[in-house]
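Taking it in order: structure first as structure tokens, then the write-up.
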Amino acid sequence: MREPVIRGVGLVASLGYAAVIAWLYATQPQIVAQVTGGFASMVGAYKVDPQAFDDGLRFFRGNQFVEARASLVRADPAERDPHVQFYIAYAYYREGWGRLYNDDALFGKGLAAVDKAIALAPGGRLVVDDPDLGMHSADELRAELQRGMTRDASDFNPLRVFGARK
Amino acid sequence: MTAIREAVVLPLIFLTVTLLGGVRLGAGVALAPPSLFTLVLATMLIVALVRSGALAPDRLLHGSRPILANTNGAVVLATLFAAAAQVLGMLTPHSGLPLFFVSVFLFVLLLNTLVAQPDRVRLLRSLAVILGSALVLKFVILASLSGPSGSRTARVLVALFDAATFGTITQEPQSPGGGYLAFLATGLFLIGAAALPGARPGPFAGAVVRLNSRAEVEAAPGVQSPPA
């Protein structure tokens, strides 16, 4: 093989490998599915499992939030779909919401999931047209989760018990 | 140096070391970028490689070389720097007194190597000793002090040791795979460093070799053959 060809192929391979390493450092995938899903989404080949997503929505609407999250995680193992991540965050919100107090741990996980959804959405804007939801945009959900985790005087307002879960 | 080694083998080795060197195995897998101090150490290491003749930058980047060859050379240098930083970062403990002492240890050893100006072979040996001892210190000695012990006596001794040192010695428990990854990354880095294009021998080096050749010494006028 001629030397310029070797050098050219080596250069392209090195730059490609370096780009993969930079992407791994930037995204910090935790499991192999996240790595493969990330590469698949780069070339537009990533698909959410529709059956698992439908199962997740069914559980979500039946207030079975743990089951809903299990199905939704199975639907989007690489965590590349903003809609699925939105529903996961919403499941954390609904499970953690309380008339007297909110579960900060669940709200914290919901905040992480909705942040992921916002990061994945084109332009950071995510609106879900689902009549079952009280909040349709990721921004609303994020603000609600943040408010739920904030300690202030309104937490001691007795009228809070009449509040409704969104 | 062949084009395959410069364009394919060396970047592949150093990029793999860059990837492996950043892996931190714990509850999950994390990829840690190099700290500022390891960048300084990596710079010192590359300067030591150049001064010892283990790395000749003019054989990678030179005006007389084609643009593509110079680009390959630049990739080798960039990946060498990244790999050196990640290997040194991987071998440095994460916290407490070990972090301080190993950082000082690596800094002083590299500074000493810079000042001593060893030749290529001695520098590579010295580098193997430096990286190997740091590997043993972190992944064998400190890991055995910090890891969850099996027996109750061992746990009590570790707890006493931890209390006596105000908790500044023990590190976070490491995954067993971390040591193997570190061993692989260090070994690959040393192979890559040994495969770097070194400085060419000077014009008198060949003459010294010829004079030291036994046949020529014996054939030289006025030299008597040693008794058999």
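For the numbers below, each heavy atom of this structure counts, side chains included, while hydrogens, waters and symmetry mates do not. So you know, we letter chains A, B, ... as the sequences are listed, proteins then strands, and number each from 1.
Between atom CD1 of residue Ile21(A) and atom CG of residue Leu20(B) there is a gap of 8.5 Å, rounded to the nearest 0.5 Å. Between atom CG of residue Leu15(A) and atom OG1 of residue Thr71(B) there is a gap of 9.0 Å, rounded to the nearest 0.5 Å. Taking OH of Tyr25(A) as the reference point, atom OG1 of Thr18(B) lies at 7.0 Å (rounded to 0.5 Å). Note that CG of Asn70(B) is 9.0 Å distant from CZ of Arg7(A), once rounded to the nearest 0.5 Å.
Every residue meeting the side-chain contact (heavy atoms from CB on, under 4.5 Å) condition with Arg122(B), not counting sequence neighbours, appears here in chain and number order: Pro118(B), Asp119(B). With sequence neighbours excluded, the residues that form a side-chain contact (heavy atoms from CB on, under 4.5 Å) with Asp130(A) are Arg61(A), Tyr87(A), Val128(A), Asp132(A), Leu133(A).
When each of Leu68(B), Ile4(B), Val9(B) is checked for heavy-atom pairs under 4.5 Å with chain A, Leu68(B) comes out on top.
Nearest heavy-atom pair, Ser14(A) versus Pro11(B), reported as atom, atom and distance to 0.1 Å: OG-CB, 3.3 Å.
Residue contact with chain B, scored on non-hydrogen atoms closer than 4.5 Å, involves the backbone and the side chain of Ala18(A) alike. Contact of Thr79(B) with chain A is not made at all, since no heavy-atom distance falls under 4.5 Å.
By the neighbour-count criterion of 12 heavy atoms within 6.0 Å, atom CG of Leu77(B) is densely surrounded, having more than that number from other residues, nucleotides or ligands. The local environment of CZ in Arg125(B) is sparse, with at most 12 non-hydrogen atoms from other residues, nucleotides or ligands closer than 6.0 Å.
Using non-hydrogen atoms only and a strict 4.5 Å limit, the part of residues 30-52 of chain B facing chain A consists of Ala30(B), Leu31(B), Ala32(B), Pro33(B).
Listed by first and then second residue, the ring-ring contact (aromatic ring centres under 6.0 Å, His included) pairs involving residues 104-148 of chain A are Tyr93(A)-Phe107(A) (not counting sequence neighbours).
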